[in-house]
Novice: 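Take a look at the following structure, please.
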Amino acid sequence: MSTKKSIAGRLVETGNKGTSKKQVAPSPPEFARRLIHHPDSKIAAEMIKEQAAHEADQKSGAEITTLKLDKANIDKRYEVSLTTLAQLEKKKAGTKRYIKSGAVLSGNDDEILQWKDWRRKDQILLCFVLVSLVITISIGMGNVYSNLMSSGSAVFINDPWLAVMLSSLLPISSISIKFITNFFEYDRSRRRYAQSVYALTLIAIVNWIILFGLNFTGVSSEIDWESFDKGYDTSSALVWSQLLVEMLAASALFLAAEEIYMKYSPDTYFENLEYIEIAKALKEHLIAHEALGKELSQIHGRLVELEAARQAFINERIVEYISMRARHVATLNSHSNT
């Protein structure tokens, strides 16, 4: 298995393959001159390399060691800073910058219009919607109450208030469906949700009309529906569809009343204090994080510079020895030829 050799190693292997003519070299150190007659050039070169490393460490070894310790310490602090930075960014992304509030809470009293300032059309529509809402809720509760009492259960017969309490689940459900809009941040989402409720209400009404016609034929000629599906009872489906219509219709009326009211008392938005604090902490931490990164970069750069200078010094000593040995070999060859 071949390994990549350093520059110093390659210089040792190729140093004796040729001689340079009339080279002017700097004065070699005493240690190198003592090794000029060493029989093994590779061993001598390794000794030169080791000696050069010691000389380089005498010059910059202490600083390199200090920088390595500082770099290890700052590396740990930088990792912790990165984790904190990621947590703050995640927390900021999960916090709303603006939160919804009424005009009174925001201090904009001038934006509130009194009832007398409303358009006559909207006043009439709101009153009509509210009356329809009360009627729808009353019908729904009455429908649930009558079905519970007609079931013949001794629990409801002995305690009618229990049936009344269970009947209140229908208007509560309608109110719950409506108040989902309070969690929408944008008016567009609220409108889409309202349109979905209106569409479901329309579908439920059409379904109720069909089932009502199947169960109550009135004075018209009776259609023999049993010929299509004998033995199928649609009364339970009618009750189910009627309850669904009453619940969805009440929710739709709630949404309609809210839409009219919002025209004269719209929601206002102001900056979330929690978001402001998180953004401030993130900004301060980002400044400290960038300073820490700059310090780490400077230490790393200085460490690379010193290590490169150390290796360059070692290579220079190797080259000096190789050149000196080559001149020595050339001198011996010239004397032997004469």
Side-chain angles (χ1 to χ4, degrees), residues 122 124-262:
D122 292 330
I124 296 173
L125 283 176
L126 183 60
C127 293
F128 177 76
V129 170
L130 292 177
V131 171
S132 301
L133 179 60
V134 172
I135 295 174
T136 304
I137 291 176
S138 301
I139 292 175
M141 291 186 63
N143 186 18
V144 176
Y145 180 81
S146 61
N147 278 277
L148 292 175
M149 296 302 294
S150 63
S151 64
S153 176
V155 176
F156 301 121
I157 294 176
N158 296 332
D159 193 358
W161 280 106
L162 182 59
V164 174
M165 293 176 63
L166 289 176
S167 302
S168 63
L169 288 176
L170 188 140
I172 291 175
S173 301
S174 299
I175 295 173
S176 300
I177 294 175
K178 180 270 163 202
F179 274 104
I180 294 178
T181 59
N182 287 28
F183 296 95
F184 291 147
E185 185 175 356
Y186 302 104
D187 292 335
R188 180 178 58 184
S189 301
R190 180 187 302 172
R191 286 195 300 269
R192 289 180 178 177
Y193 178 78
Q195 291 170 357
S196 301
V197 174
Y198 296 148
L200 290 175
T201 304
L202 179 61
I203 294 173
I205 290 174
V206 172
N207 184 61
W208 175 80
I209 292 174
I210 295 174
L211 292 174
F212 186 86
L214 292 176
N215 286 269
F216 302 98
T217 57
V219 297
S220 60
S221 57
E222 182 178 357
I223 301 176
D224 187 11
W225 294 103
E226 293 182 359
S227 60
F228 296 96
D229 191 3
K230 293 183 179 181
Y232 180 72
D233 186 11
T234 58
S235 58
S236 60
L238 176 63
V239 174
W240 177 86
S241 64
Q242 185 170 335
L243 292 175
L244 184 62
V245 167
E246 291 162 352
M247 181 181 67
L248 290 175
S251 299
L253 291 171
F254 265 120
L255 291 170
E258 181 187 42
E259 183 67 23
I260 297 173
Y261 177 77
M262 291 292 290

Novice: Within a radius of less than 6.0 Å around CD of E259, do more than 12 heavy atoms belonging to other residues, nucleotides or ligands occur?
Specialist: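 Check fails, neighbour count at 12 or below.
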Novice: What are the two closest heavy atoms between S167 and A163, and how far apart are they?
Specialist: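 Scanning both residues completely, I find the closest heavy atoms to be OG-O, 2.6 Å.
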Novice: Measure the spacing between CG of L238 and CD1 of I210 and express it to the nearest 0.5 Å.
Specialist: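 Nearest 0.5 Å value for the CG-CD1 distance: 12.0 Å.
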Novice: Quick check for you: to the nearest 0.5 Å, what is the distance between N143 atom CG and M247 atom CE?
Specialist: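 N143 CG to M247 CE: 12.5 Å, rounded to 0.5 Å.
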Novice: Rounded at 0.5 Å granularity, tell me how far OG in S241 sits from CD1 in I209.
Specialist: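 Taking OG in S241 and CD1 in I209, the distance rounds to 10.0 Å.
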Novice: With rounding to the nearest 0.5 Å, note down the distance linking CG in L170 to CD in E246.
Specialist: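 One finds 6.0 Å between CG of L170 and CD of E246.
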Novice: Where is the tightest heavy-atom contact between V197 and S251, given as atom of each residue plus distance?
Specialist: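 Between these two residues, the closest heavy atoms are CG1-CB, 4.2 Å.
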Novice: I need the minimum non-hydrogen distance between S150 and N147, along with the two atoms involved.
Specialist: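 Closest pair (atom of S150, atom of N147, distance): OG-O, 3.1 Å.
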Novice: Starting from the C-alpha separation in whole Å, work towards a yes-or-no answer on side-chain contact (heavy atoms from CB on, under 4.5 Å) for W240 and N207.
Specialist: CA-CA 10 Å; W240 177 86; N207 184 61; 4.2 Å; yes
Novice: I want to check something: taking the side chain as every heavy atom from C-beta on, are D122 and L126 in contact at a cut-off of under 4.5 Å?
Specialist: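 No, their side chains stay 4.5 Å or more apart.
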Novice: Nearest heavy-atom pair of A250 and S174: which atoms, and what distance?
Specialist: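 Residues A250 and S174, closest heavy atoms: CB-OG, 3.4 Å.
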Novice: Measuring from L148:CG to M165:CE, what's the distance to the nearest 0.5 Å?
Specialist: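 Reported to 0.5 Å precision, the distance equals 12.5 Å.
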Novice: Taking Y198 as the fixed residue, which of L255, L248, I203 is the one that meets the side-chain contact (heavy atoms from CB on, under 4.5 Å) rule?
Specialist: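 The side-chain contact (heavy atoms from CB on, under 4.5 Å) with Y198 is passed solely by L255 among L255, L248, I203.
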Novice: Tell me the closest heavy-atom pair linking V245 and A204, and the distance in Å.
Specialist: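 That closest heavy-atom pairing would be CG2-O, 3.2 Å.
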Novice: Show, in sequence, the C-alpha distance, side-chain angles and deciding distance for V144 and L169, and conclude whether the side-chain contact (heavy atoms from CB on, under 4.5 Å) test is met.
Specialist: CA-CA 9 Å; V144 176; L169 288 176; over 6 Å; no
Novice: Would you please test K178 and I175 for side-chain contact (heavy atoms from CB on, under 4.5 Å) and show each step?
Specialist: CA-CA 5 Å; K178 180 270 163 202; I175 295 173; 5.6 Å; no
Novice: Could you tell me whether the side chain of I177 reaches within less than 4.5 Å of the side chain of Y193, counting heavy atoms only?
Specialist: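 SC-SC contact between Y193 and I177 confirmed.
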Novice: Report all side-chain donor-acceptor pairs from residues 133-142 shorter than 3.5 Å, counting only partners two or more places apart or in another chain.
Specialist:
| unit_1 | atom_1 | unit_2 | atom_2 | d |
| --- | --- | --- | --- | --- |
| T136 | OG1 | S132 | O | 2.7 |
| S138 | OG | V134 | O | 2.8 |

